[in-house]
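Report on the structure given below.
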Amino acid sequence: MVSASPLLHEVLLAPVASTPHRPAVIEFLGDDRLRTVSYRELGALVDSFAASLTAAGLGVGDRVVLESDTSAAAIAALLACSSLGLPFVPVSPEAPDERVRAVVAATGPRLYLRAAEGFREGVRGDFGIGRFGQDGLRIVREPAAGTIRHRRELTATDTAYLIFTSGSTGRPKGVVMSHGAVTSFYRGMYTQRIVGGRDRVATTSPLQFDFSLLDIGLALGSGAAVVPVPRPLLRWPRRFLRVLRDTGATQVNGVPSIWRQVLRYEADRLAGIDTIRGVLFCGEDFPLPELRRLRAALPAARLVNCYGATESMACSFTDVPDPLPDDLERLSIGAAHPGAEMILVDAAGRPFLRTGEVGEIHLRSPALFSGYWDDPAATSAALVPDPVEPRSGQRVLRTGDLAYRGENGELYFTGRADSQVQFRGNRVELGEVERRLLECEGITAATVLVLPRPAGPELCAFVVAGPQAREGTLLDGLSARLARVLPSYMVPGELRLLTGLPTTENGKVDRAALAREAGPL
Ligand SMILES: Nc1ncnc2c1ncn2[C@@H]1O[C@H](COS(=O)(=O)NC(=O)C[C@H](N)c2ccccc2)[C@@H](O)[C@H]1O
């Protein structure tokens, strides 16, 4: 039975009472060593951390920056914050100083919690400093005296966490998620029956990316175990697979890029790990040639395409068709999880139900964010009047994502509204060019950008070849093949073959890095 509580820690710690001895977190320590933390032990750690935070004088609403990768102690720290009404703000140990400084400047935390010894020299402020680990949470610098807060009881509307998204444009935005929003999303997720009490959920995303919070909620709310995959090992296919095998992971969650090198070099070794029975991915399109290779390596696994934005954590879970039809053009993102609804709205702002017509997805959901931290303008641009009944006072999330409704009633994501570019007087959907490139023999991943060139902007394609491709001749005739399926203005003027695509800290293709690498010719 999944807890109906609107508070994050109550939902995720429910198994402490029902299955205290089951593993809550299984940590890979390397060299065949694992550390298992039971639900009872996790609960005790949460209580210990909460006592330390209370003793430090923190009160409801005080922000706590949490710098850590996912671990039993980090999960205990975020649950301890949750139990005291302290919004936690996760940042990665890999995050550059200036990004952490921006988050600290924006949120004014009372406390900066760090897992590892040592401390960033470049981030200063009048916040308190604490360190936490398996043996407890230690305040090494007292937080400054707090403002008087007239709060004692936690409610569903209190803030559980802030996630700063790099945002496709400029200044990072702090997505404010309430307890009620997160637990509403979790309850919608649990209806999909993705994992059960005996599962082990490998999580590969950094804690600053809410995919990690989905994984933690998926596991703990189901009485399963979280298996944090050490981030440095993700770069080495054999080491990544070694973690999955040695921990007995049954569910592996991550963005599509975590599979790129595994599928290119170690598909057979992946196929040999027969404990894996589910994969969930999100964040961007999973290139279909790679998805076919994943399906071939894990024929019995349930593959779930999870779509959504940090402003509602996510919103749909759609099983990948099995078998994958040969002529499949794109994956479905289905319909929103129970309790939420995706509406398509046309350019005039009118909702429509017609099939085959592209509209912008607007999300009606109890899991919507409270707003962007300290940014009312961006908030009102994202939380817009319900297009079905604007007079109702209801707000929906304007996602910026484009999709059409198929004959089966399911939605098909076609790209972001801002990835539609005007190119040589024509409207080009870069995702469409990428999709056509992926249909070409031997290409397993592709990203297309418009880059400035002396003779004017140019469509530049960056492609990755599959293991069998003859790289020497792969690009030959590629433009000619594309010209048969794309209008001439959509055929990239530049084609580059790469061994991999650069990714952001959250694991998505890093378009800015590609643009820098490609630089002005
Ligand atoms: N399955 C998809 N196919 C294709 N494009 C997608 C997909 N999931 C997102 N996206 C894209 O990514 C955008 C959201 O980006 S984000 O705000 O950084 N958040 C995320 O990417 C992760 C998201 N919070 C999440 C966390 C946990 C599970 C699922 C989703 C969406 O608006 C889509 O454009």
Side-chain angles (χ1 to χ4, degrees), residues 70 90 161-169 172-177 181-182 185-186 188-189 192 194 201 203-219 251-259 279-288 290-291 303-320 329-337 340 342 358 360-363 365 367-369 372 378 382 397-404 410-420 429-431 434-435 438 447 503-511:
T70 302
Y161 63 80
L162 279 75
I163 288 271
F164 276 82
T165 62
S166 43
S168 43
T169 53
K173 293 185 291 199
V175 175
V176 181
M177 288 295 278
V182 192
F185 171 77
Y186 281 160
M189 173 171 67
Q192 309 300 306
I194 293 168
V201 180
T203 181
T204 60
S205 295
L207 202 55
Q208 73 178 23
F209 189 36
D210 61 340
F211 197 170
S212 64
L213 300 177
L214 177 139
D215 297 336
I216 292 165
L218 178 66
Q251 176 76 26
V252 186
N253 290 3
V255 293
S257 64
I258 66 165
W259 297 107
V279 169
L280 183 145
F281 55 87
C282 86
E284 55 188 2
D285 282 330
F286 203 127
L288 292 180
E290 291 182 332
L291 190 57
L303 308 181
V304 176
N305 179 17
C306 186
Y307 159 81
T310 297
E311 288 83 350
S312 66
M313 190 175 268
C315 76
S316 75
F317 300 86
T318 311
D319 282 45
V320 171
E329 294 209 340
R330 60 181 87 239
L331 290 178
S332 160
I333 57 171
H337 60 75
M342 289 193 275
V358 174
E360 183 174 355
I361 299 175
H362 285 58
L363 177 66
S365 168
L368 293 188
F369 72 137
Y372 295 113
L397 173 68
R398 178 173 187 182
T399 64
D401 287 333
L402 302 177
Y404 65 83
E410 298 185 15
L411 294 193
Y412 291 82
F413 175 76
T414 61
R416 287 197 58 80
D418 52 28
S419 77
Q420 312 267 319
E429 164 52 53
L430 298 175
E434 290 166 0
R435 206 173 56 76
L438 291 171
T447 298
T503 56
T504 63
E505 278 171 28
N506 291 351
K508 295 192 184 186
V509 173
D510 189 343
R511 286 168 164 72

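Note that the structure is predicted; figures quoted are calculated from it, not measured. Hydrogens, waters and symmetry mates are skipped; everything else that's a heavy atom, side chains included, is used. Whatever order the structure lists ligands and atoms in, that order sets their numbers, starting from 1.
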Legend entry - Test item: side-chain donor near acceptor, Gln251 and Asn253, under 3.5 Å: yes
Inset, instruction - Without swapping roles, check the side chain of Glu360 against the backbone of Gly400 for a donor-acceptor pair under 3.5 Å. - result: yes
Legend entry - Heteroatom distance test (Thr399, ligand 1): nitrogen or oxygen, under 3.5 angstrom: no
Legend entry - Salt bridge Arg511-Glu434, side-chain N to carboxylate O under 4.0 Å: yes
Inset, instruction - Taking only heavy atoms of Ala314 into account, list the atoms of ligand 1 that are under 4.0 Å away from them. - result: 28 (C), 29 (C), 30 (C)
Inset, instruction - Considering the heavy atoms of Asp210, write down every atom of ligand 1 situated less than 4.0 Å from one of them. - result: 22 (C), 23 (C), 24 (N), 26 (C)
Legend entry - Donor-acceptor side-chain pairing of Tyr307 and Asp401 below 3.5 angstrom: yes
Inset, instruction - Report yes if Phe413 has an N/O atom closer than 3.5 Å to an N/O atom of ligand 1; otherwise report no. - result: no
Inset, instruction - Just need the protein heavy atom nearest to atom 19 (N) of ligand 1, so name the residue and atom and give the distance. - result: Thr310 OG1, 3.1 Å
Inset, instruction - Kindly compute the distance separating CD (Gln208) from OG1 (Thr70), expressed to the nearest 0.5 Å. - result: 10.5 Å
Inset, instruction - Give a yes or no on this: more than 12 heavy atoms of other residues, nucleotides or ligands lie within 6.0 Å of atom CZ of Arg398. - result: no
Legend entry - Numbered atoms and elements of ligand 1 in range of Lys508, under 4.0 angstrom, heavy atoms: 12 (O), 13 (C), 14 (C), 15 (O), 16 (S), 18 (O), 20 (C), 21 (O)
Legend entry - Option of least heavy-atom distance to atom 26 (C) of ligand 1 (set: Met313, Arg330, Glu284): Met313
Legend entry - Heavy-atom side-chain proximity of Thr318 to Glu410 below 4.5 angstrom: yes
Legend entry - Per-atom contacts, ligand 1 versus Asn305 - under 4.0 Å to a heavy atom: 1 (N), 2 (C)
Legend entry - Closest to atom 14 (C) of ligand 1 (judged by heavy-atom distance), picking from Gly283, Pro256, Gly415, Gly308: Gly308
Inset, instruction - To the nearest 0.5 Å, tell me how far Leu411 CG sits from Leu402 CG. - result: 11.5 Å
Legend entry - Donor on one side chain, acceptor on other, Tyr412 and Glu329, under 3.5 Å: no
Legend entry - Short N or O distance, Phe281 and ligand 1, threshold 3.5 Å exclusive: no
Inset, instruction - Could you list the atoms of ligand 1 found under 4.0 angstrom from a heavy atom of Arg416? - result: 32 (O), 34 (O)
Legend entry - Protein contact of atom 29 (C) of ligand 1 - nearest heavy atom, named by residue and atom, plus distance: Cys282 CB, 3.2 Å
Inset, instruction - Quick one: look up the protein heavy atom nearest atom 34 (O) of ligand 1 and list residue, atom name and how far away it is. - result: Asp401 OD1, 2.7 Å
Legend entry - Candidate with minimal heavy-atom separation from atom 20 (C) of ligand 1, of Phe185, Tyr307, Phe209: Phe209
